[in-house]
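What follows is a single structure, written as structure tokens, with notes after it.
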Amino acid sequence: MSIALSEQEIIRRESLQQLRALGINPYPAEAYDVTAWAQDITDNFEANPDNYKQITIAGRIMTRRIMGSASFAEIQDSTGRVQIYLKRDDICPTEDKTLYNTVFKKLLDIGDYVGVKGYVFLTQTGEISIHVQELDVLSKSLKPLPVVKREDDGTIHDGFTDPEMRYRQRYVDLTVNPEFKNIFINRSKVISAMRNYFNTQGWMEVETPILQPVHGGAAARPFATHHNTLDMQLFLRIANELYLKRLIVAGFDGVYEFGKMFRNEGMDRTHNPEFTAMEIYVAYKDYIWMMGMVEECLETVAKAVHGVPVVQVGPHEINFAGPYEKLSMYDSILKYTGIDVSAMDEASLRTVCADLAIEVDPSMGKGKLIDEIFSAKVEANLIQPTYITDYPIEMTPLAKKHRTKDGLVERFELFVNGKEIANAYSELNDPIDQRERLEEQLILAGRGDDEAMAMDDDFLRALEYGMPPTSGLGIGIDRLVMLMTNQSTIQEVLFFPQMRPEKKAKVATADDFINIGVPAEWVPVLNKMGFNTVEELKAGNPNKVFNDLGGMRKKLKLDITMPVKETVIAWFE
RNA sequence: GACUUGGUAGCUCAGCCGGUAGAGCAACUGACUCUUAAUCAGUGGGUCGAGAGUUCGAUCCUCUCCCAGGUCACCA
């Protein structure tokens with residue numbers, strides 16, 4: 001945090017004190033009974049004017065236009081903005097005009113929360129406004145909000161656009177750029193639409209451990225932590241798949257979980273270290289059934305957000321109504337490269353990668369090589385929802401072997417707009433096969449693949465008791481929300497995307513200064529004068545510091561007691 | 001991780017060949033009883049991301065570092 005206050009912050013703190021001096025609590029404790037909202041007023045006043053003859057509304061002051069003894073201002077609440085009209089003699093019916101002249105005109109600022117009682121009317125220029133009869137201060141804002149000006153035609157002036165500040169201070173972003181709230185409102189709709197759909201089918205929402213002794217269920221580097229009492233290493237989950245399958249073993253027919261996953265890998269516009277996934281497992285089903293379920297689910301979601309199944313994403317109109325195109329992994333590579341890799345061995349695949357200028361490394365097995373070719377040549381072409389099916393067994397240790405095709409597994413991934421958003425299997429429930437497949441992963445790990453899956457003996461024990469045939473699905477919720485809200489970066493669909501810590505100016509704490517005798521209220525002044533550490537202060541000239549303190553006190557109009565000279569000199573001893 | 005662009009007032013941005021900075025909005029003082037990017041007159045506000053170097057002198061040139069965006073790589 002910056003220590004020194006800006007001029008505007010000092011003025012706002014003075015206003016705060018003056019409000020208190022007038023007997024106005026700038027942070028009242030009482031509930032404020034709001035009866036109207038901006039959006040409702042602007043939408044419905046003209047049809048039902050009688051409903052708006054005595055209303056109470058609350059929100060932030062966002063603009064002010066003061067014209068002597070009358071003023072207009074805009075109040076922003078959770079639903080939008082509405083103009084208010086204040087007339088000095090209406091809110092100050094007696095001789096005492098303090099509330100208007102001093103409180104409203106001088107002591108209130110853009111960003112302050114106020115409550116207003118009055119009636120709705122139309123101004124001469126036809127704008128729906130509230131004629132204010134009572135004005136209450138609800139919360140004083142001490143930091144100046146960026147002022148974003150909007151014309152009636154939508155032109156924005158002085159937009160608050162710096163992505164770093166928008167993400168670090170999302171509270172400011174959503175206050176001054178309220179249109180971004182729609183992304184998060186739609187995010188909530190995506191999740192609740194899915195949840196409703198699953199519940200309607202009779203499946204149960206569950207919670208499984210985030211702290212796991214073995215990180216299983218996906219190929220990714222984990223975050224490690226330590227439990228003090230048990231004195232053991234724990235990992236933040238990279239997936240919850242193995243726990244949900246344990247619940248299928250336990251006898252539930254359908255279980256699903258929305259939850260944060262954590263992967264200790266790179267960050268970019270489609271990856272955040274923590275992200276939200278939805279996984280669902282349904283007993284007695286297979287991946288073919290799951291395709292139909294996904295189509296129904298995503299169509300429901302798209303309609304919940306947009307009313308129709310067609311969603312505009314960048315330049316594309318994407319139709320989430322099923323059925324979706326189905327293409328096997330090998331056929332998709334054949335379609336987009338003309339090369340049939342279905343019968344190739346590892347050496348031939350390496351040759352193909354070399355011919356296509358795809359970088360590979362020696363730790364990659366056959367499955368990984370095929371995946372590389374797919375990623376490089378096929379993925380970007382899959383704009384409309386497309387199922388890629390029947391993956392090579394090497395890259396999918398948790399899926400059941402294909403019922404007819406040797407060397408493949410029953411798996412599909414759903415690609416939309418060139419990105420994978422869902423992954424599903426006919427789940428492997430043969431415990432002996434599962435053990436062998438995980439052992440192969442250990443061999444890959446031995447070759448240097450640090451993302452190969454770990455052995456989970458308890459999971460294998462569960463399978464040995466018997467898991468019914470089951471189909472499972474995972475959906476990346478953040479990426480789905482990106483699609484449904486037409487956003488190209490994951491940061492825009494996360495309230496608080498991961499950021500590096502803000503740089504702190506190298507400053508001593510206030511206590512360090514207090515310890516050498518500086519009164520607390522003078523510490524910010526010393527900081528403002530450029531003394532950020534006690535050492536810097538002591539290197540200065542005591543007489544000059546004393547004189548400058550007086551100067552700063554005057555310059556900043558500080559209403560605090562000046563220390564005597566002997567006190568200041570004592571700071572230097 | 002590589003490359004690249006940027007970091008100047010509370011916000012959005014200018015700043016020429018190196019001579020320690022400007023605008024609009026916001027703020028402050030004043031005027032104004034239907035404005036709406038309100039208007040009019042005046043005023044203040046800046047360790048020019050951090051550190052080092054070159055120089056008589058650095059916001060500007062060089063180097064290192066920090067933060068962010070973009071592209072690529074890695075990665076679901």
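Chain A is the first sequence line, chain B the second, and so forth, proteins listed ahead of strands; every chain is numbered from 1.
- When distances are taken from the side chain of D89(A) to each of rU33(B), rA27(B), rG69(B), the shortest belongs to rU33(B).
- Using Watson-Crick or G-U wobble geometry with both donor-acceptor distances under 3.5 Å, rC17(B) finds no partner in any strand shown.
- Relative to the side chain of Y167(A), the nucleotides rU35(B), rG69(B), rC11(B) differ in distance, and rG69(B) lies closest.
- In this structure, R166(A) satisfies the cation-pi test against F180(A), with its NZ or CZ atom closer than 6.0 Å to the six-membered ring centre and inside 45 degrees of the ring normal.
- Going from the P atom of rU5(B) to that of rA14(B) covers 16 Å, rounded to whole Å.
- In this structure, I11(A) CD1 and L16(A) CG are separated by 14.0 Å, a value rounded to the nearest 0.5 Å.
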For this session: Give the intermediate values and the outcome of side chain to side chain donor-acceptor pair (under 3.5 Å) for residues Y85(A) and Q83(A).
Result: CA-CA 7 Å; Y85(A) 176 65; Q83(A) 180 170 266; over 6 Å; no
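- Evaluation of atom-type donor-acceptor distances gives no pair under 3.5 Å for the side chain of D162(A) against the base of rC11(B).
- Considering only the side chain of E7(A), rG44(B) comes nearest among rC34(B), rG69(B), rG44(B).
- Remark on RNA chain B: of its neighbouring residues A70(A) and T270(A), the 5'-side contact belongs to A70(A), judged by nearest-heavy-atom nucleotide.
- Applying the 3.5 Å distance criterion, the base of rA26(B) shares a donor-acceptor pair with the side chain of Q8(A).
- When the P atom is compared between rU59(B) and rU47(B), the two are found 13 Å apart, to the nearest whole Å.
- Atom CD of E14(A) and atom P of rG44(B) are 18 Å apart (whole Å).
- Neither OP1 nor OP2 of rC75(B) sits under 4.0 Å from any side-chain N or O of R263(A).
- As rounded to whole Å, 16 Å separates atom C1' of rA73(B) from atom CE of M267(A).
- Pairing for rU71(B) is with rA2(B), a Watson-Crick or G-U wobble pair whose two hydrogen-bonding atom distances lie under 3.5 Å.
- If you check rC28(B), rU35(B), rA37(B) against the side chain of I11(A), the one that comes closest is rC28(B).
- Side-chain contact between K143(A) and V172(A) is absent, with no heavy-atom pair separated by less than 4.5 Å.
- Distance check on atom P: rG44(B) versus rG24(B) gives 14 Å, rounded to whole Å.
- Taking atom CD of residue E379(A) and atom P of nucleotide rC75(B), one finds them 12 Å apart after rounding to whole Å.
- Of all nucleotides present, only rA52(B) satisfies the Watson-Crick or G-U wobble test against rU62(B), with each distance under 3.5 Å.
- The side chain of F121(A) approaches rC34(B) more closely than any other nucleotide in the set rC34(B), rG70(B), rC75(B).
- Pair assignment for rA31(B): rU39(B), on the basis of Watson-Crick or G-U wobble contacts that are both within less than 3.5 Å.
- Pair assignment for rG45(B) gives none, since no Watson-Crick or G-U wobble pairing has each distance under 3.5 Å.
- Closest approach to the E372(A) side chain among rC74(B), rG69(B), rC67(B) is made by rC74(B) (side chain taken as heavy atoms from C-beta onward).
- Among the protein residues, S375(A) comes within range of no part of the nucleic acid, since none of its heavy atoms lies under 4.0 Å from any strand.
- Residue contacts for G476(A): at a heavy-atom cut-off of 4.0 Å it reaches no nucleic acid atom on any strand shown.
- Taking the P atom of each, rU35(B) and rU20(B) are spaced 46 Å apart, rounded to whole Å.
- Here K149(A) does not pair with E151(A) in a salt bridge; the nearest charged N to carboxylate O distance is not below 4.0 Å.
- Of the candidate nucleotides rA26(B), rC34(B), rC11(B), rA26(B) has the atom nearest to the side chain of V147(A).
- Across the C1' atoms, rA50(B) and rU12(B) are found 24 Å apart, a figure rounded to whole Å.
- Rounded to an integer number of Å, the gap from CG of D371(A) to C1' of rC74(B) is 13 Å.
- Residue R168(A) places at least one side-chain N or O under 4.0 Å from the OP1 or OP2 atom of rA68(B).
- With salt bridges taken as basic N to acidic carboxylate O contacts below 4.0 Å, none links R479(A) and E420(A).
- To the nearest whole angstrom, the two P atoms, one in rC16(B) and one in rC61(B), are 9 Å apart.
- At a cut-off of 3.5 Å, with distance as the only test, a side-chain donor of D96(A) or T98(A) sits close to an acceptor on the other residue.
- Checked by atom type, the side-chain pair E9(A)/S6(A) shows a donor-acceptor distance below 3.5 Å.
- Taking 90° from 0 as the syn/anti boundary, the base of rC67(B) is oriented anti.
- The CZ atom of R269(A) sits 10 Å away from the P atom of rA73(B) (whole-angstrom rounding).
- Remark: K106(A) is in phosphate contact with rG30(B), judged by side-chain N or O atoms under 4.0 Å from OP1 or OP2.
- Look at the P atom in both rC48(B) and rA52(B): the space between them is 13 Å, to the nearest Å.
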Problem set entry | Heavy-atom protein contacts under 4.0 Å, nucleotides 38-43 of chain B, coded B base, S sugar-phosphate only, - none | B-----
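- As a whole-Å value, the separation of M165(A) CE from rC13(B) P is 9 Å.
- Across all strands shown, rC25(B) forms a Watson-Crick or G-U wobble pair, both distances under 3.5 Å, with rG10(B).
- The nearest whole Å value for the distance from the CD atom in Q124(A) to the P atom in rU33(B) is 14 Å.
- In the displayed structure, R20(A) atom CZ is contacted under 6.0 Å by more than 12 heavy atoms of other residues, nucleotides or ligands.
- For rC75(B), its base sits under 3.5 Å from the side chain of H271(A) at one donor and acceptor pair at least.
- Among the nucleotides rG69(B), rU33(B), rA37(B), the one closest to any side-chain atom of P163(A) is rG69(B).
- Within 4.0 Å (heavy atoms only), Y100(A) reaches no atom of the nucleic acid at all.
- With respect to R237(A) and E257(A), a salt bridge is recorded, a charged nitrogen being found less than 4.0 Å from a carboxylate O.
- Atom P of nucleotide rA27(B) and atom CZ of R13(A) are separated by 17 Å, given to the nearest angstrom.
- The aromatic ring centroids of Y287(A) and Y387(A) lie 6.0 Å or more from each other.
- Residue S129(A) has its side chain nearest to rU35(B) when only rU35(B), rC74(B), rA27(B) are considered.
- Using a 4.0 Å heavy-atom cutoff across all strands shown, N423(A) reaches no nucleic acid atom at all.
- rG18(B) and rA58(B) have their C1' atoms separated by 6 Å, with the value rounded to a whole Å.
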